[in-house]
A.B. asks: 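Handing you a structure now.
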Amino acid sequence: MEVREALDLVSRPVRELSPYHLVPETVPVKLNQNENPFDWPLPIKEEVAAFVRERPWNRYPPFIPDELRAALGESVGMSAGNVIVGNGSNEMLLVLLMAFAGPDVPVTICQPTFSVYNLLIRALHSKLNSVSARPDLSFDVPAIIEAVRRLPRSLLLLCSPNNPTGASLKQEDISRILEAHTGFCILDQAYVEFGGFNALPLLERHPNIVVTRTYSKAFAGAGLRMGYMIGNKDIIAELNKVKLPYNINFFTEHVARVLLSHRDIAAQRVAEIVASRGDMYSFLRTLPFIAVYPSDANFILVRVDGKERLFAHLKDNGILIRDYSSYPMLENCLRISIGSKSENDLLKAALRSFFGKGA
Ligand code: PMP
C-alpha cells in the first residue's frame, strides 16, 4: 500500500483537522503558556526524589489511586467516589467526550475558547455548535440558553474562566443555563483558583455537570501532567469505565498528594499572581491598546494595532507571549501570561519602549 492510500484510511474529520501546535522556544521570559512562574521549593522536591529512589519502577501504580482521589475529594468537601484523576485535564476532557459525545450528540462550545475542544469534538465525530461571545468577549448567556433549548439532550462544554479571553460565568448565569439544559454539561475550570466562582455546589442539584480541574496552573505542576474531574458518584462510576487503566503514573500520583498537602504554599502564590494581574491590568490600560480585556485567570488578552510588531519587539527583548489573532473574534489579539514580579517588570519596560514612553 502507498502511504497516500494509508492516509486515506484516517477518518475524514481527523484528516480535516489542523494540528494543535506550539513551537517550543527557549526564552528568558516565558509568558505564552499560562504556566505558574513559581517552581516548588527544593525540600519538597527532595522529599519526592527520596520516594522515587525507593519505589520499585517495575511495578504498576495503584489500579485505582484511591488515596489521591480521597485527598482531592476531601480538599473540596467531597469523597474519593466523586473524583477521577488523569494525565492532565486534557485527558479528563477526552474521557468525558468519549462518554458523552458522538455522531448523534451535538456539542455546544462558546467561541473563542480553548482549541483542544474543537479537535476532540471533531475527532469523535460530533457536530460542533458554536455560540459567539459578545463583542466585549464576555459570555452571551441568553444565546447559550437559546442554543441548549434548541438542542435538547445535547452536550454543553463551558470554560470558566475562559481561555483565552479571561471572561467567566457568574454563578447565577450558570444556574440559569442549567435550568434550561436537558443534556450533559462539562465545565472546564482549569483557571478557577485565580477567579470566577466555584461550581462544585451546583453538583447537588445538577448531577448532569462534571467539573474538570488541573495541577498545571495554580498548583504549578504543568510538568507533572496531572488533572482531575469532580462529579456525581454514579456518573463518575460510568466515566471510570472509559478511562484507561493506569492512566496516572506513580510519580505523578505521589507528587500530586505531596503538593496537595502543601496547598497553603500554592494559595499564597496564587494570591501573588492575582495581585500582579490587577497591577498588570491597570498598567496595560495606560497604554494605547485597542482593548485590554478583564481577566479572572492568570493571563490577560489584549487587542493591538500592529500586533506582529509588538510580538516581535517583545521577542527581541527575550519575552514570549501568545498570538491568538487567528481565532474567531480575536483579530489582532495577543495573550500575556502573568509572570513573576521580575518578569512582569521586564514586560512592562519592553511595552513602554514599544509604545515610545521610554523604558
Ligand atoms: N483547559 C484549559 C482551558 C486550558 O487552558 C488548558 C491548558 N492550557 C487545559 C484545559 C489543559 O490543561 P492540562 O492538560 O495541562 O491540565
Side-chain angles (χ1 to χ4, degrees), residues 19-24 30-37 68 72 83-98 107-121 133 137 139 156-169 174 185-197 199 209-230 243-244 247-249 251-253 255-256 259-260 266 270 273 277 293 295-301 320-324 327-328 330 333-339:
Y20 179 84
H21 82 130
L22 192 99
V23 183
K30 200 169 165 302
L31 302 178
N32 66 331
Q33 281 187 287
N34 300 341
E35 290 153 319
N36 195 307
L68 174 57
L72 279 167
V83 181
I84 297 181
V85 297
N87 189 11
S89 55
N90 278 339
E91 192 207 356
M92 300 295 89
L93 293 169
L94 175 62
V95 167
L96 284 159
L97 287 167
M98 283 199 300
V107 187
T108 299
I109 61 172
C110 299
Q111 300 266 29
T113 193
F114 185 41
S115 61
V116 167
Y117 304 156
N118 183 28
L119 290 186
L120 297 178
I121 291 165
L137 301 184
F139 283 91
L156 176 63
L157 173 42
L158 296 169
C159 182
S160 178
N162 185 41
N163 179 16
T165 61
S168 58
L169 283 159
I174 191 133
C185 176
I186 301 169
L187 177 59
D188 181 342
Q189 293 214 299
Y191 297 95
V192 72
E193 294 88 348
F194 301 105
F197 77 98
I209 176 170
V210 164
V211 176
T212 61
R213 297 207 169 159
T214 183
Y215 268 54
S216 299
K217 314 296 175 184
F219 256 90
L224 297 174
R225 308 307 302 129
M226 163 66 200
Y228 58 104
M229 63 169 116
I230 302 164
K243 174 195 82 60
L244 286 177
N247 61 328
I248 176 168
N249 64 70
F251 171 78
T252 301
E253 194 268 338
V255 183
L259 298 191
L260 198 60
V270 165
I273 293 167
R277 176 186 71 204
Y293 295 96
S295 172
D296 276 332
N298 64 339
F299 54 81
I300 297 178
L301 187 76
L320 189 61
I321 60 169
R322 186 90 171 258
D323 186 342
Y324 269 91
Y327 276 49
L330 300 190
C333 282
L334 300 170
R335 191 195 67 191
I336 305 168
S337 308
I338 304 299

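Note that ligands are numbered from 1 as they come in the structure, with each ligand's atoms numbered from 1 the same way.
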A.B. asks: Heavy atoms only: give me the nearest Ala266-Ala218 pair and the separation to one decimal.
C.D. replies: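 The answer is CB-O, 3.9 Å.
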A.B. asks: Quick one: does NZ or CZ of Arg335 land under 6.0 Å from the six-membered ring centre of Phe299, within 45 degrees of the ring axis?
C.D. replies: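 Yes - Arg335 lies over the ring of Phe299, closer than 6.0 Å to its centre and within 45° of its axis.
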A.B. asks: With a cut-off of 4.0 Å, which atoms of ligand 1 are near a heavy atom of Gly88?
C.D. replies: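 Within the 4.0 Å cut-off of Gly88, ligand 1 contributes 14 (O), 16 (O).
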A.B. asks: Is any side-chain heavy atom of Val95 closer than 4.5 Å to one of Met229?
C.D. replies: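 Side chain of Met229 against side chain of Val95, heavy atoms only: contact under 4.5 Å found.
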A.B. asks: Looking only at protein heavy atoms, which one is nearest to atom 1 (N) of ligand 1, and how far off is it?
C.D. replies: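 Among all protein heavy atoms, the one nearest atom 1 (N) of ligand 1 is Asp188 OD2, 2.5 Å.
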A.B. asks: Which residue and non-hydrogen atom of the protein lie closest to atom 6 (C) of ligand 1, and at what distance in Å?
C.D. replies: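 The closest heavy atom on the protein side is Phe114 CZ, 3.4 Å.
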A.B. asks: Could you tell me whether Asn90 approaches ligand 1 through its side chain, its backbone, both or neither, with non-hydrogen atoms closer than 4.0 Å?
C.D. replies: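 For Asn90, backbone and side-chain atoms both sit under 4.0 Å from ligand 1.
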A.B. asks: Give the single entry among Pro164, Ser216, Cys159 that approaches atom 15 (O) of ligand 1 most closely by any heavy atom.
C.D. replies: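 Residue with the shortest heavy-atom distance to the ligand atom: Ser216.
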A.B. asks: Of the non-hydrogen atoms in Tyr228 and Val83, which two are nearest, and what is the gap between them?
C.D. replies: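 For Tyr228 versus Val83, the nearest heavy atoms are CB-CG1, 4.3 Å.
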A.B. asks: Does ligand 1 have any atom that is closer than 4.0 Å to a heavy atom of Ala222?
C.D. replies: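 The answer is no, since Ala222 has no heavy atom less than 4.0 Å from ligand 1.
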A.B. asks: Is the backbone of Ala297 close enough, under 3.5 Å, to the side chain of Arg277 for a donor and an acceptor to pair up by distance?
C.D. replies: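 Checked: pair present.
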A.B. asks: Pick one of side chain, backbone, both or neither for how Tyr191 approaches ligand 1, counting any non-hydrogen atom pair under 4.0 Å.
C.D. replies: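 Under 4.0 Å from ligand 1, Tyr191 contributes side-chain atoms alone.
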A.B. asks: Taking only heavy atoms of Asn163, which atoms of ligand 1 are found under 4.0 Å from at least one of them?
C.D. replies: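 With Asn163 as reference, the close atoms of ligand 1 come out as 3 (C), 4 (C), 5 (O).
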A.B. asks: Flag the pair Asn87 / Thr252 as yes when at least one side-chain heavy-atom distance between them is below 4.5 Å, and no otherwise.
C.D. replies: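 No; the side chains remain at least 4.5 Å from each other.
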A.B. asks: Would a 4.5 Å heavy-atom cut-off, applied to side chains only, mark Pro37 and Asn298 as touching?
C.D. replies: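 The answer is no, as the side chains (C-beta and beyond) never meet within the 4.5 Å cut-off.
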A.B. asks: Does even one non-hydrogen atom of Arg225 get within less than 4.0 Å of ligand 1?
C.D. replies: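 It does; at least one heavy atom falls under 4.0 Å.
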A.B. asks: Considering only the protein, which heavy-atom contact is closest to atom 12 (O) of ligand 1, and what is its distance?
C.D. replies: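 Of the protein heavy atoms, Ser89 OG, 3.2 Å lies nearest.
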A.B. asks: Which of the numbered atoms in ligand 1 are below 4.0 angstrom from a heavy atom of Lys217?
C.D. replies: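 The list of qualifying atoms is 7 (C), 8 (N).
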A.B. asks: Below a 4.0 angstrom heavy-atom separation, can you tell me which part of Met92, side chain or backbone, both or neither, approaches ligand 1?
C.D. replies: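 The answer is neither; Met92 stays 4.0 Å or more away.
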A.B. asks: Side chain, backbone, both or neither: which applies to Ala190 and ligand 1 if a contact is any heavy-atom pair less than 4.0 Å apart?
C.D. replies: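 Near ligand 1, Ala190 shows its side chain, while the N, CA, C and O stay back.
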A.B. asks: Quick one: does ligand 1 sit under 4.0 Å from the side chain of Gln33, the backbone, both or neither, non-hydrogen atoms only?
C.D. replies: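 Under 4.0 Å from ligand 1, Gln33 contributes no heavy atoms.
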A.B. asks: Given Tyr215, which partner from the list Asn36, Val85, Leu260 fulfils the side chain to side chain contact (heavy atoms under 4.5 Å, CB included) test?
C.D. replies: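 That would be Leu260.
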A.B. asks: In sequence, state the C-alpha distance, the side-chain angles, and the governing distance for Asp296 and Tyr191, and then conclude on side chain to side chain contact (heavy atoms under 4.5 Å, CB included).
C.D. replies: CA-CA 8 Å; Asp296 276 332; Tyr191 297 95; over 6 Å; no
A.B. asks: Within less than 4.0 angstrom of ligand 1, does Asn34 place any heavy atom?
C.D. replies: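 In this structure, Asn34 fails to qualify as a contact of ligand 1 - no heavy atom is under 4.0 Å.
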A.B. asks: I need the Gln189 CD to Lys217 NZ distance, nearest 0.5 Å.
C.D. replies: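 Gln189 CD to Lys217 NZ: 14.5 Å, rounded to 0.5 Å.
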